[in-house]
2 protein chains.
Amino acid sequence: MIRASIPEVSDSVFRLSKITDYGIVILAHLGREPEIVTHNAREVAGQVDLPVPVVSKVLKTLARKGLLESQRGAKGGYLLARRPEDLTVADMVAALEGPLAITECNVAPQLCQHEGHCAVKGPWKVINDVMKEALARVTLADLIDPSFPSEITPLQILGRLPRSETGPGVHHD
Amino acid sequence: MIRASIPEVSDSVFRLSKITDYGIVILAHLGREPEIVTHNAREVAGQVDLPVPVVSKVLKTLARKGLLESQRGAKGGYLLARRPEDLTVADMVAALEGPLAITECNVAPQLCQHEGHCAVKGPWKVINDVMKEALARVTLADLIDPSFPSEITPLQILGRLPRSETGPGVHHD
DNA sequence: TATTTACAGGACCGAATCAGTCCGATATGA
DNA sequence: TCATATCGGACTGATTCGGTCCTGTAAATA
Ligand code: FES
Ligand code: FES
């Protein structure tokens, strides 16, 4: 999380963007201090050690997507819209980067040119689903839990029960 | 695969780049016609309906990464370096886009600023591993197999036996 | 040997995306 | 009324992406 800013490695795949990176750190911070009613951008920026405009931008999008609730005016700020157990990493990533789709046809059906002899569609959908599941099985509660197992097999993760069985994260946008 | 070129959607996460897109289609084509000894760029470009320079570029990288073997000179071309069952999607993606790492610390350890109180490291590694597994469980043989199940649960995929238990795809670079 | 075919490697450029900043408007509390 | 803070969006420089092209080298054929 929050990569160093001097070196640029950048030749790896599926890396999430910096704002997403920031956003998840910020959410973890908010989840870790539930006693504070509203966090304003300046305070969060101080805690996370990031410039205020950036934090502000991230907070705004998170609020717009319904992951945070905002309170305007003096003494205003942000607070979590749901319980940490009900906020999945899939929700966070979706809010900050858009829907998960490794292939075009995974976001909107059939943009593929050779739709007819595209024998590749099935396998990609499967892989896409696995990724979705992986992100949906980890919640903000896990992120802020120091006892979260650092060594766990993929099968074990996917075998866990989903957190909220009913409606896993549709938000009022 | 091979998205239409007119509309640009592009606000989704984990989408693979076009060259990777092309590359996998090309590999599928090569795997589907094993009787031909060597495929040259022009022929492949015709089959896949893509400009020759692009196909050439993709083929070159695939050869350099060891997924294809190349034969220079007249009557030259490319052919698969391994059996389709031994070539995983993880190999393809790694060759065309680099290593899978959603977070910086998944590619090189500890570039995270707040390494001390980074409670987020563990969960991210887990998610990263699940993605790797998903890609490693699907092979070129699956891609060209019309009977590949289009509906299959993530658990079933990860439950499958890895194709080659010994040395899952290190290549002579 | 001369010629043709086809890969190897890399330079190159325009387009699109990303990261970060800033501004005017609005809402709330004192 | 004033200070504070979010809201929405515009804006810019840096980077990456997608695609083309050029020079060199290896192999086959006549
Ligand atoms: S050290 Fe890897 S996410 Fe912080
Ligand atoms: S239709 Fe989705 S990959 Fe071809």
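All chains are named by letter (A, B, ...) in the order of the sequence lines, taking the proteins before the strands, and each is independently numbered beginning at 1.
- Side-chain contact between B/Thr103 and B/Asn128 is absent, with no heavy atoms from C-beta onward closer than 4.5 Å.
- On a pure distance criterion of 3.5 Å, no polar donor-acceptor pair joins the side chain of A/Lys18 and the base of C/dG20.
- Taking the side chain of B/Pro51 as heavy atoms from C-beta on, and the options D/dT20, C/dA19, C/dG10, the nearest nucleotide is D/dT20.
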B/S/- contact track for nucleotides 25-30 of chain C, protein heavy atom under 4.0 Å: -BBBS-
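- For B/Arg64, a side-chain nitrogen or oxygen approaches OP1 or OP2 of C/dG9 to under 4.0 Å.
- For the pair A/Ile19 CD1 and C/dT21 P, the interatomic distance rounds to 14 Å; values are reported in whole Å.
- For B/Tyr22, taking side-chain heavy atoms from C-beta onward, the closest of the listed nucleotides C/dG10, D/dG19, C/dG20 is D/dG19.
- In this structure, B/Thr88 and B/Leu135 have side chains that are not in contact, with every pair of non-hydrogen atoms separated by 4.5 Å or more.
- The distance from atom NZ of B/Lys65 to atom P of C/dA8 is 14 Å, rounded to the nearest whole Å.
- Comparing atom distances between the B/Ser17 side chain and each of D/dG9, C/dG20, D/dG18 picks out D/dG18 as nearest.
- The CZ-C1' distance, from A/Arg15 to C/dC18, rounds to 13 Å in whole Å.
- For B/Ser70 and C/dA8, the shortest distance from a side-chain N or O to OP1 or OP2 is below 4.0 Å.
- Across the protein-nucleic acid pair, A/Asp21 atom CG and C/dG20 atom P stand 10 Å apart, rounded to whole Å.
- D/dT6 atom P lies 12 Å from atom NE2 of A/His39, rounded to whole Å.
- Residues A/Leu67 and A/Leu79 fall into different hydrophobic clusters, defined by Ile, Leu, Val, Met, Phe, Trp and Tyr side chains chained together at heavy-atom separations under 4.5 Å.
- With 3.5 Å as the limit, one finds no donor-acceptor pair spanning the side chains of B/Thr38 and B/Gln71.
- Between A/Leu68 atom CG and D/dC7 atom C1' there is a gap of 14 Å when expressed in whole angstrom units.
- The shortest distance between side-chain heavy atoms of A/Lys57 and A/Tyr22 does not fall below 4.5 Å.
- Residues satisfying the salt bridge (charged side-chain N to carboxylate O under 4.0 Å, His left out) test with A/Arg83, not counting sequence neighbours, are A/Glu85, A/Asp86.
- Atom NZ of A/Lys60 is separated from atom P of C/dG20 by 15 Å (rounded to the nearest Å).
- You'll find the side chain of A/Val54 stays beyond 4.5 Å of the side chain of A/Lys18, heavy atoms only.
- The base of C/dG20 lies close enough to the side chain of A/Lys57 for a donor and an acceptor atom to sit less than 3.5 Å apart.
- Of all nucleotides listed (D/dG8, C/dC7, C/dT21), C/dC7 comes nearest to the side chain of B/Asn40.
- Whole-Å rounding puts the B/Tyr78 OH to C/dT5 P distance at 17 Å.
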